[in-house]
Amino acid sequence: MKPKKTVLLSFDVEEFDMPFEYGGTPNMKEQIANSKDGVEKILSILSNFQAKATFYCTGVYANAEPEQIKRLSFNHEIASHNYYHSSHSKEDLTASRILLETITHKKVVGFRMPRMAPVSNQDLKEAGYLYNASVNPCYLPGRYDYRHISRNYYKEDGLLQFPASVSPKYRIPLFWIAFHNFPLWLFFILCKQVLKKDGYLHLYFHPWEFTDYTKTKNGAKYPFYLHRNNGEKMKNRFEKLLTFLKKEGCEFQTSCSFLVKQF
């Protein structure tokens with residue numbers, strides 16, 4: 001019997017501050033409400049597919065929606081997405097972990113920096129984390145160039161590193177923007193390539209992708225590629241993705257449970 005392929009789904013749960021980058025002015029209540037709505041839609045889909053996932057949560061969001069975070073922790077992994085989504089200090093690393101552990105009564109060992117920004121391995125270790133999922137090992141114009149970094153999980157400075165999946169040959173990214181803009185048949189082919197080469201697939205998304213956030217009247221004007229296939233279309237595409245992965249014989253795990261078995 002062939003070993004099962006593993007899928008690691010992850011979601012960055014944050015105060016939805018992206019509108020500020022495009023001229024919008026949403027208040028905090030609107031930012032939280034948008035993500036909360038998206039999380040509920042995601043939970044419904046995951047439940048239907050009996051799929052586990054990892055939710056990287058900011059401290060701001062967790063403070064606003066502690067009951068939802070606690071409920072998430074019953075079947076999924078809760079990890080840190082820093083305390084604030086748009087600012088960072090070393091102290092935030094510990095503060096966000098402690099807050100999430102206080103809410104869930106479970107140990108928080110994973111971290112992902114907002115916007116895949118660099119973060120110190122030493123700072124993460126001192127803050128009590130075991131793994132860092134803050135790297136998309138590809139070239140993203142205007143953001144970063146991580147093509148020199150391993151596509152697969154590895155250890156660095158005593159900390160586990162868990163890059164997002166990219167295609168084996170050309171390092172085509174499989175992150176959320178790709179999922180919205182690639183034809184599904186192409187995205188599925190790239191997923192199959194990764195699964196065949198690596199034996200696992202590590203993807204990440206955001207709750208607000210599952211909402212009609214462009215209809216909110218906060219003044220933001222988004223480029224088309226950011227909101228293509230969002231809302232109900234995203235929900236339908238995501239369900240097709242999970243159906244495809246199930247047919248491929250994949251099992252869904254949390255990042256922590258997967259990484260523990262590798263090291």
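For this chain, numbers begin at 1 and follow the sequence in order. From a predicted model like this one, the values you see are computed outputs, not experimental measurements.
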> Of the non-hydrogen atoms in Ala117 and Ser134, which two are nearest, and what is the gap between them?
Replying inline: O-CB, 4.1 Å

> Distance only, no hydrogens: is a donor on one side chain within 3.5 Å (strictly under) of an acceptor on the other, for Asn63 and Tyr83?
Replying inline: yes

> Aromatic rings Tyr146 and Tyr144: how do their planes relate, parallel, tilted or perpendicular, breaks at 30° and 60°?
Replying inline: parallel

>> If you count every heavy atom of other residues, nucleotides or ligands that lies below 6.0 Å from Phe205 atom CZ, does the total exceed 12?
In response: yes

> If you draw a 6.0 Å radius around CD in Glu21, do more than 12 non-hydrogen atoms from other residues or ligands fall strictly inside?
Replying inline: yes

>> So, using side-chain hydrogen bond (donor to acceptor under 3.5 Å, both in side chains) as the criterion, who are the partners of Tyr131 when residues are at least two apart?
In response: Tyr56, Glu77

> Would Glu14 and Arg112 pass as an ion pair if we require N to O under 4.0 Å?
Replying inline: no

>> Classify the ring geometry of Tyr153 against Tyr200: parallel below 30°, tilted from 30° to 60°, perpendicular beyond 60°.
In response: tilted

> What pairs with Asp145 under side-chain hydrogen bond (donor to acceptor under 3.5 Å, both in side chains), at least two apart in sequence or on another chain?
Replying inline: Arg147

> Mind checking what makes side-chain hydrogen bond (donor to acceptor under 3.5 Å, both in side chains) contact with Lys90, not counting sequence neighbours?
Replying inline: Glu126

>> Let me confirm one number: the CD-CZ distance from Glu248 to Phe244, rounded to the nearest 0.5 Å.
In response: 4.0 Å

> Asp92 and side-chain contact (heavy atoms from CB on, under 4.5 Å): which partner among Thr58, Asp123, Asn82?
Replying inline: Asn82

>> Can you classify the ring geometry of Tyr204 versus His206 as parallel (below 30°), tilted (30 to 60°) or perpendicular (above 60°)?
In response: perpendicular

> Quick one: do the Thr211 and Asp37 side chains pair a donor with an acceptor below 3.5 Å?
Replying inline: no

> Can you list the residues that meet the side-chain hydrogen bond (donor to acceptor under 3.5 Å, both in side chains) rule with His227, with sequence neighbours excluded?
Replying inline: none

>> Quick test of your reading: applying side chain to side chain donor-acceptor pair (under 3.5 Å), list the pairs with at least one residue in residues 236-247, sequence neighbours left out, ordered by first then second residue.
In response: Lys235-Glu239

> Tyr61 and Ile32: side chain to side chain contact (heavy atoms under 4.5 Å, CB included), yes or no, with the steps?
Replying inline: CA-CA 7 Å; Tyr61 185 88; Ile32 297 298; 3.7 Å; yes

> What closest approach, in Å, do Ile69 and Cys57 show between heavy atoms, and which atom pair accounts for it?
Replying inline: CD1-SG, 3.6 Å

> Hey, is CZ on Arg115 packed in by over 12 heavy atoms from elsewhere, all under 6.0 Å?
Replying inline: yes

> Would you say the ring centroid of Phe238 lies under 6.0 angstrom from that of Phe210?
Replying inline: yes

>> Quick test of your reading: applying side chain to side chain donor-acceptor pair (under 3.5 Å), list the pairs with at least one residue in residues 159-172, sequence neighbours left out, ordered by first then second residue.
In response: Asn121-Gln161, Asn132-Gln161

> Is the number of heavy atoms from other residues, nucleotides or ligands under 6.0 Å of Lys125 NZ greater than 12?
Replying inline: yes

